[in-house]
Amino acid sequence: MKSSLLRRAPSNAARFLFFVLVSIAVMVIDYRTQYFKPARSAMALAVYPIQLVAALPERVGSAFVNLFVSEDSLRTRNKKLHAQQLMLLARLQKFDALESENRRLRELLGAAEKVADRALMAELVEVSLEPFTQKIMINKGETQNLYIGQPIIDAYGIMGQITELTPVTAVATLITDPSHAVPVQVKRNGLRAILFGTGSQSELDLPHLTPISDIREGDLLVTSGMGGRFPVGYPVARVGRIVSDPNESFLTISAEPIARLDHSTEVLVIWPGRIKADALPPAEEVAR
Amino acid sequence: MIGRVGQQGHGRVVVIITLAISLVLMAIPLPEWAEPYRPDWLALVLVYWCLATPNLVGVGTGWIVGLTLDVLQGGLLGQNALAKTVLAFLAVTFHLRIRMFPVWQQAFVVAVLVGVNQALLIWAHGVLGIYSGTWEMWLPAATSMLMWPWVFVVLRDVRRYGGVG
């Protein structure tokens, strides 16, 4: 039997060179092409247990905190939720009436009927997967018929879209990610623009608007439906500071996302209308 | 000989478990302000095993755990694989020298190694035109340096009781 010293065939430096070259090749291929998408989702499934364990402390912590909530605070919270529900119900009645009126008017105009968007509740498994990107992972995946490019929202507005899928999880790129853009329009006057992420959780960038554009601070930006990825009319952001520099041909406009990107623990995955109903999973809630 | 092989298999399990724990620590959610301060736990554990058992853990292990981290973080595939390969190579190449240092001096070496790791990540981002932040990218080197003595002591005990190497 040979000793292990003599069997160390390829030298350390040779193996080092090999792995460095493989790494660089993997990086270039992953950046330029789509070849690794299936392999990546298989590997993502393999590391899912690690993510589950990593999410455990936060879950146990919040469960622990819930154990010691005082009855008093529960009572006040209950009261507040009750009041809120009443208010929402009242508003919903009006909404129902408006919707049927809208449908009638559309029929009169001969316009295509707008199909309600369907939604599925999903829970956040992990946030901020890598520094300097804005992504989240949710606990629903391909088996629930999710697809790449699918919009996700919370109770307040658009959060982002799904960019990676495994059978049981999905990674969504948030609207604040530097590589993300949403076609929007100003709700007040329908002015169209494209809203970019900046990498900061509370700031979005609205470039390409000239100083003569009719846009004001506080304007609500809603999805315009251009590009066909996001459904029309969901709130996205509110215009913050507008800086007009005479040296620049475009305005510098920052906007603040409406969705509570850092607070939500439950998100809604939506299927924009006009998809065959039997292709959908049992929807828990109808968003619109 | 056979006994030794069995022991090596056992040691391998211990190494894999500690590396898995460090990956969990890399994935635990932190508040946004604390995120840049997260020590590179994976680099710390990897460097320890490279120094202690260079015959068992080396560039191959570095590449595999780096790739796992890439998948875990969902970033560009291969960037951490490259960084951890280089890290493991440096640690294995100089393991005899670094082993001689007292722990606090080793901590400085670890800071340099994690610095190289971060520089490679920044370089990979730069070449591919991905913006990768600011001076905050260098914070893990400092926090990893501060964590090294503790990691060292804990893993030394793990190695002795686990019978690795």
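In what follows, chains are A, B, ... by sequence order, proteins preceding strands, each numbered from 1.
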Heavy-atom count around [X] [atom1] within 6.0 Å, excluding the residue itself: above 12?
| X | atom1 | result |
| --- | --- | --- |
| R77(A) | CZ | no |
| F36(A) | CZ | yes |
| R99(B) | CZ | yes |
| Y37(B) | OH | no |

Nearest 0.5 Å please: distance from the [atom1] atom of [X] over to the [atom2] atom of [Y].
| X | Y | atom1 | atom2 | answer |
| --- | --- | --- | --- | --- |
| L82(B) | L21(A) | CG | CG | 9.5 Å |
| T61(B) | F19(A) | OG1 | CZ | 8.5 Å |
| D30(A) | L76(B) | CG | CG | 5.0 Å |

Which atoms form the tightest heavy-atom contact between G78(B) and S23(A), and what is the distance?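 Taking G78(B) first and S23(A) second, the nearest heavy atoms are O-CB, 3.8 Å.
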Looking only at non-hydrogen atoms, find the nearest pair between V24(B) and A54(A) and report the distance.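 Looks like O-CB, 3.7 Å.
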Short question: side chain of Q79(B), backbone of M27(A) - any donor-acceptor pair under 3.5 Å? no
Tell me which of these, [options], has more heavy-atom pairs under 4.5 Å with chain A than the rest.
| options | result |
| --- | --- |
| D70(B), L69(B), V59(B) | V59(B) |
| G58(B), A88(B), G66(B), A27(B) | A27(B) |
| I28(B), T68(B), I21(B) | I28(B) |

In the structure I gave you, are the side-chain heavy atoms of M43(A) and L77(B) within less than 4.5 Å of one another anywhere?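 When only atoms from C-beta onward are counted, L77(B) and M43(A) do touch, with a gap below 4.5 Å.
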Structural part of F16(A) lying under 4.5 Å from a heavy atom of chain B: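 Both backbone and side chain.
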